[in-house]
Trainee: 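Please read through the structure below; I'll follow up with questions.
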Amino acid sequence: MQLPLHLDRENRRSLQTQIFEQLRELILAGKLRPGTTVPPTRTLAQQLAVSRNTAMLAYDRLINEGYLQTRAAVGTFVSFDLPEESLVHLPAPDERMATPRESPRHPVAFKGRVHAVHTRDSRGLDVDFWVGRPAPRSFPAKTWRRLMGRHLLTPGDRITDYGNAAGLWRLRESIAEHLGSARGISVTADRVMIVSGTQEALNVIARLFVREKTPVAVECPCYQGAAFVLESYGAKLLPVLVDEEGLNVDELPENGSALIYVTPSHQYPLGTTLSLERRLRLIDWARRTGAYIVEDDYDSDFRYQGSPLTAVKGLHGGECVIYLGTFSKSVGAGLRIGYMVLPEELVEPAWRAKALMDNGHPWLEQAVLADFISSGAYASHLRRIRRVYMGRRDALADALQHYFGNVKLTGLDGGMHLAWHLGDHLPTAKTVQEIALQQRVGAYALEAGAAVSIAPTRYDERALMLGYAACTPDEIWEGIGRIARAISRPGKHALQNRAARPIP
Ligand SMILES: Cc1ncc(COP(=O)(O)O)c(C=O)c1O
């Protein structure tokens with residue numbers, strides 16, 4: 001046994017005294033229990049690089065004062081009859097465990113709320129209209145396996161060394177190229193930074209701009225994942241109401257806002273598309289007030305009606321836009337790969353923030369994704385699943401129409417979910433959510449569907465979110481049919497007649 005003793009040779013106290021005092025302390029603190037054998041003086045002297053005589057003198061004193069005892073054939077051990085005053089200080093092991101701490105531990109400073117996400121746990125549902133979940137079978141597993149295998153044949157030092165925290169250059173190049181044709185954004189690879197999904201991008205942005213009470217404008221209702229990150233850094237969230245055409249730009253706060261978070265392609269949660277006129281007015285506002293626009297373009301790869309509008313980032317004046325893209329919807333959320341397109345002046349600070357967070361993204365996934373995009377496989381993958389998802393969207397709209405008549409839906413033009421605005425003859429969204437759950441069907445009122453309203457809106461009570469990408473048409477018909485039958489069942493009339501609370 002080595003004793004945890006540390007001698008200070010600069011100390012005025014002799015080495016022998018230091019050994020005596022430290023050993024006594026270990027005994028009194030109960031760290032050396034009665035009966036514990038201590039090392040022979042020769043061993044202790046070697047451990048501490050002192051003469052054997054010094055160790056012997058220290059032990060002698062401990063023996064004289066009753067802390068140690070010595071017995072032939074056993075050696076020297078901690079005394080069973082410790083000096084009186086020390087017994088008072090020596091708690092039994094159980095007592096020591098129960099002794100309350102002298103002062104409370106420092107409080108946790110972090111106060112973040114967690115946003116709702118879909119995990120692999122399907123919660124025992126037969127049909128789950130969870131929002132924005134890709135079809136699990138759409139993942140290009142065969143191509144992925146092949147590309148991974150190829151990269152692992154000759155990984156070199158790319159797997160053992162750190163990479164650039166901003167991401168793999170080849171991937172940044174292929175994303176820059178993709179954005180030109182797909183989103184009308186003309187950008188070079190040095191402005192693209194790879195992140196672990198939109199969630200990390202939002203953390204980077206918040207680190208750059210948000211301190212206690214920094215004003216940040218957000219859509220209302222808004223994506224929880226964004227609102228909760230900003231809030232956790234201390235932002236004062238300023239709600240800007242969303243109407244049938246997306247963000248109501250007439251309501252933008254006139255000054256002080258550092259950022260505005262928006263989802264122009266497919267507003268989360270309502271699915272509306274921000275008109276070109278409103279996009280331009282948004283840019284005007286940002287240029288006038290000095291705010292940055294955070295454009296979250298999470299599911300714009302899926303557009304079913306007309307051609308997609310150019311991203312706000314791609315419009316004239318788009319230099320004030322921080323554009324966020326993710327592969328969570330188009331390839332899979334488990335990949336955890338997304339990217340930011342940064343205004344020039346933010347490239348370096350964002351890189352520093354990202355480096356401090358995680359030293360960059362895993363190399364292998366980036367290398368595979370870069371090949372996947374540059375080989376054209378990504379474009380054909382998108383074309384294929386776009387067709388599938390469009391069929392599912394149609395099935396959902398048809399099923400709702402079939403069972404509920406003239407339904408009001410928003411978000412049909414693109415994305416992976418729509419919002420059903422429940423007529424006043426129907427129960428509230430929360431009640432429909434409960435009824436659906438009893439039928440083992442997942443349908444989501446805004447709050448349960450990862451949306452949050454900073455100020456109350458009528459959508460909180462009347463909008464139901466339905467994701468369709470991960471459900472087959474048969475499942476969609478079955479799920480909506482079950483909800484319709486449960487709502488119209490006579491016993492459920494009490495639920496139907498529950499009046500909606502009026503909300504401004
Ligand atoms: C509005 C919005 N933005 C972004 C994301 C994607 O986040 P991430 O890239 O972190 O997976 C989602 C996912 O549901 C979303 O709904």
Side-chain angles (χ1 to χ4, degrees), residues 112 114-120 128-136 139 167 171 175 183 192-206 218-230 232 242 246-247 259-274 293-302 311-313 321-341 354 357-358 361-362 365-366 369 389 410-411 414-419 442 444 446-454 459 463 465-470:
V114 174
H115 57 294
V117 286
H118 188 278
T119 60
R120 284 188 59 236
D128 191 358
F129 292 111
W130 177 257
V131 195
R133 182 177 173 234
F139 182 75
L171 177 59
I175 288 172
R183 306 298 297 120
V192 178
M193 188 166 95
I194 306 301
V195 284
S196 299
T198 306
Q199 209 54 38
E200 191 184 36
L202 291 163
N203 274 279
V204 169
I205 294 167
V218 293
E219 295 172 324
C220 184
C222 176
Y223 175 48
Q224 282 179 2
F228 291 177
V229 166
L230 295 162
S232 75
V242 167
L247 186 84
L259 305 164
I260 180 161
Y261 167 82
V262 282
T263 47
S265 286
H266 196 238
Q267 201 276 331
Y268 196 93
L270 302 177
T272 47
T273 305
L274 197 65
I293 299 169
V294 179
E295 179 178 20
D296 180 355
D297 212 16
Y298 64 107
D299 64 0
S300 65
D301 292 306
F302 306 109
V312 182
K313 177 78 187 158
V321 177
I322 306 170
Y323 178 90
L324 312 184
T326 180
F327 292 94
S328 287
K329 308 296 168 192
S330 55
V331 186
L335 269 186
R336 304 309 309 134
I337 303 189
Y339 55 91
M340 313 172 71
V341 179
K354 164 78 179 157
M357 276 182 182
D358 55 18
H361 203 77
E365 281 79 3
Q366 292 189 77
L369 184 57
Y389 292 175
T410 51
M416 303 156 87
H417 78 273
L418 53 77
Y444 301 90
L446 297 196
E447 202 187 333
V452 59
S453 293
I454 303 305
Y459 308 117
M465 299 168 75
L466 298 167
Y468 46 80

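We use all heavy atoms of the structure for the numbers below, so side chains are in, but hydrogens, waters and symmetry mates are not. First listed ligand is number 1; within each ligand, the first listed atom is number 1.
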Trainee: For a quick check: using heavy atoms under 4.0 Å, what are the residues in contact with ligand 1, sorted by chain and number?
Mentor: Gly197, Thr198, Gln199, Tyr223, Tyr261, Tyr268, Asp296, Tyr298, Thr326, Ser328, Lys329, Arg336
Trainee: Apply side chain to side chain donor-acceptor pair (under 3.5 Å) to Lys354 and list each qualifying residue two or more places apart in sequence or on a separate chain.
Mentor: Glu200, Asp358
Trainee: Would you say the ring centroid of His417 lies under 6.0 angstrom from that of Tyr268?
Mentor: yes
Trainee: Mind running side-chain contact (heavy atoms from CB on, under 4.5 Å) on Lys329 and Asp301 for me, showing each step along the way?
Mentor: CA-CA 8 Å; Lys329 308 296 168 192; Asp301 292 306; 5.9 Å; no
Trainee: Going by the angle between their ring planes, with limits at 30° and 60°, are Tyr444 and Trp130 parallel, tilted or perpendicular?
Mentor: perpendicular
Trainee: Phe228 and Leu202: side-chain contact (heavy atoms from CB on, under 4.5 Å), yes or no, with the steps?
Mentor: CA-CA 10 Å; Phe228 291 177; Leu202 291 163; over 6 Å; no
Trainee: Side chain to side chain contact (heavy atoms under 4.5 Å, CB included) with Met340: which of Thr198, Val195, Val192?
Mentor: Val195
